[in-house]
2 protein chains.
Amino acid sequence: MKRIADSTVRRLSMYLRYLEDLDTRGQQTASSDELAHLCGTTPAQVRKDLSFFGSFGKRGLGYPVHELTAHLREILGLQREWKVIIVGAGKIGAALANYRGFRQRGFTVVGVYDHDPAKVGKAWGDATIRSMDTLAQDIQREEAPIAVLAIPAENAQAVVDQIVAAGIRAILNFAPTQISVPPHVSLKSVNMAMELEGLSFALTNAGLLDQGAA
Amino acid sequence: MKRIADSTVRRLSMYLRYLEDLDTRGQQTASSDELAHLCGTTPAQVRKDLSFFGSFGKRGLGYPVHELTAHLREILGLQREWKVIIVGAGKIGAALANYRGFRQRGFTVVGVYDHDPAKVGKAWGDATIRSMDTLAQDIQREEAPIAVLAIPAENAQAVVDQIVAAGIRAILNFAPTQISVPPHVSLKSVNMAMELEGLSFALTNAGLLDQGAA
DNA sequence: AGGTGTGAATTATTTCACAGCG
DNA sequence: CGCTGTGAAATAATTCACACCT
């Protein structure tokens, strides 16, 4: 089977979001054209993306909304619950721990960790902040495969090494630094300063950029 | 002049971060090889990226760290201060308003807005939360070119239309929805649920992805 | 008619490889 | 030498265009 590009997966995720909307509203079918408009892409792109995984559409009609929603959930692995731990109980950690979008999509926060002794033990939303000392054993006991990193850049790689050793399988990194993981661990990084700098560049060199959208 | 790809700009931003580190430590020069290692890319990529903007390196030696840092800051438009407003005083807005990374890079938060009357008037870090009613006139008065959107998906497009009409020039969107802007406005979106779904896909279809890194 | 599925063409991005300078 | 700068080659991603189904 062909390898799937990261950009394709992001679009699948977006298709899913809008298909769920349409499904809720009771719409039966959606054409690649309609989906493309909703998601800000092109009909050809929609069809190509979906065709990597099967033939879900009906010619002359479009895609069956409810069915395709289910297919996409399965493709993205969202039929199950994913246990997530959050490392770092600062402002960003707080925002993420309470982010409804996570729970809605089947991501359950099973633990929040901080190395600051003053924070450990404090109740925090549903969870209690735990010490980093128990992080490794918790990952193994809870079998949480995903970690969200919301800590300063300095300690990021050290913490990553620690949780990788403990068996984590995927990391969503908010620390503004390059981190490296062994090939069996998936990594995605979100860097807010970098995004703002991208806007700064766009404003400074108007017209030099590839496009103004994202 | 050639158009610059978004991926290139992100890498420039990363080069800058590490060059600043090296500069602080007093390192005089850095080779494309060293920079590539730090940033998780390839030497050829580093040289190509930089070559779009000039010939900054010395053959046989590498790039002068301090000088290149200054060049990159200029290229990215970071020699000046950028005024930023934050729309949405929820958890995410709070995290962003206090994010040191913004200030460090010359982005100053000049206002935080929320449409919830219960929140308006409350002091919040340096700023006081203001009403959305004054948003448009404030954008014009303060001449803030950048808005960070940290509001629910539902109202996102309406708020965008409002601030675009008020003259905003760039938007960093955290609302989990597709928004559209006229071509003269730059837009970047960060969607945390989408990132997690990308990890879910990677975990579910191990080996099907293009690569495990980001 | 209307809209999918897909090979082929196009365009974008990355990597190679090497001439040439310090 | 060592390392940059850069055309040329390779690879990847997107768009086209049309055969084909319902």
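Letters A, B, ... are given to chains in the order of the sequence lines, protein chains preceding strands, and every chain is numbered from 1.
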*Between C:dG5, D:dT15, C:dT13, which nucleotide has the shortest distance from any of its atoms to the side chain of A:S55?*
C:dG5
*Taking it one step at a time, do A:T177 and B:Y18 satisfy side chain to side chain contact (heavy atoms under 4.5 Å, CB included)?*
CA-CA 9 Å; A:T177 186; B:Y18 285 98; 2.9 Å; yes
*Rounded to the nearest 0.5 Å, what separation is found between the CD atom of A:E67 and the CG atom of A:L19?*
11.5 Å
*When you look at CD of A:E81, are more than 12 heavy atoms from neighbouring residues, nucleotides or ligands closer to it than 6.0 Å?*
yes
*Looking only at side-chain N and O atoms, does B:Y63 come under 4.0 Å of OP1 or OP2 in D:dG5?*
yes
*Starting from C1' on D:dT4, measure out to CG on B:D49 and report it in whole angstrom.*
14 Å
*Once you round it to whole Å, what is the distance between C1' of C:dG5 and CZ of A:F52?*
12 Å
*asked:* Closer than 3.5 angstrom, by distance alone: can the side chain of A:S200 be matched with the main-chain N or O of B:L76 as a donor-acceptor pair?
replied: yes
*Rounded to the nearest 0.5 Å, how far apart are CG of B:L96 and CD1 of A:I92?*
7.0 Å
*What is the distance from NE2 of A:H37 to C1' of C:dG3, rounded to the nearest Å?*
15 Å
*Check each residue of residues 13-36 of chain B for a non-hydrogen atom within less than 4.0 Å of any atom in DNA chain C, then write out the ones that pass by number, or none.*
none
*Has B:Q45 got a side-chain N or O lying under 4.0 Å from the OP1 or OP2 atom of C:dT13?*
no
*asked:* Please report the distance, rounded to the nearest Å, between CD1 in A:I4 and P in D:dT14.
replied: 12 Å
*Interatomic distance where CG belongs to A:D6 and C1' belongs to D:dT14 [whole Å]*: 16 Å
So which protein nitrogen or oxygen atoms get under 3.5 Å of nucleotides 19-22 of chain C's nitrogens or oxygens?
from: C:dG20; atom 1: N3; to: B:R59; atom 2: NH1; distance (Å): 3.4

*Could you tell me whether A:R100 atom CZ has more than 12 heavy atoms of other residues or ligands within 6.0 Å of it?*
no
*asked:* Are more than 12 heavy atoms, taken from residues, nucleotides or ligands other than A:Q28, located less than 6.0 Å from that residue's CD atom?
replied: no
*Which nucleotide in D:dT14, C:dT14, D:dT6 has an atom nearest any side-chain atom of B:R11*: C:dT14
_Rounded distance (Å) that lies between atom P of D:dG5 and atom CZ of B:F56_ = 9 Å
*Send over the distance from A:F53 CZ to C:dG5 C1', rounded to a whole Å.*
15 Å
*Could you check which of C:dT13, C:dA8, D:dA13 has an atom nearest any side-chain atom of A:K48?*
C:dA8
*Gap between atom CD1 of A:I163 and atom CE of A:M132 - 0.5 Å precision*: 8.0 Å
*Can you tell which of C:dT13, C:dT4, D:dT14 lies closest to the side chain of A:R47?*
C:dT4
*So with a 6.0 Å cut-off around CD of A:Q79, is the heavy-atom count from everything else above 12?*
yes
*Pick base, sugar-phosphate or nothing for B:S7, based on heavy-atom distances below 4.0 Å to the nucleic acid.*
sugar-phosphate
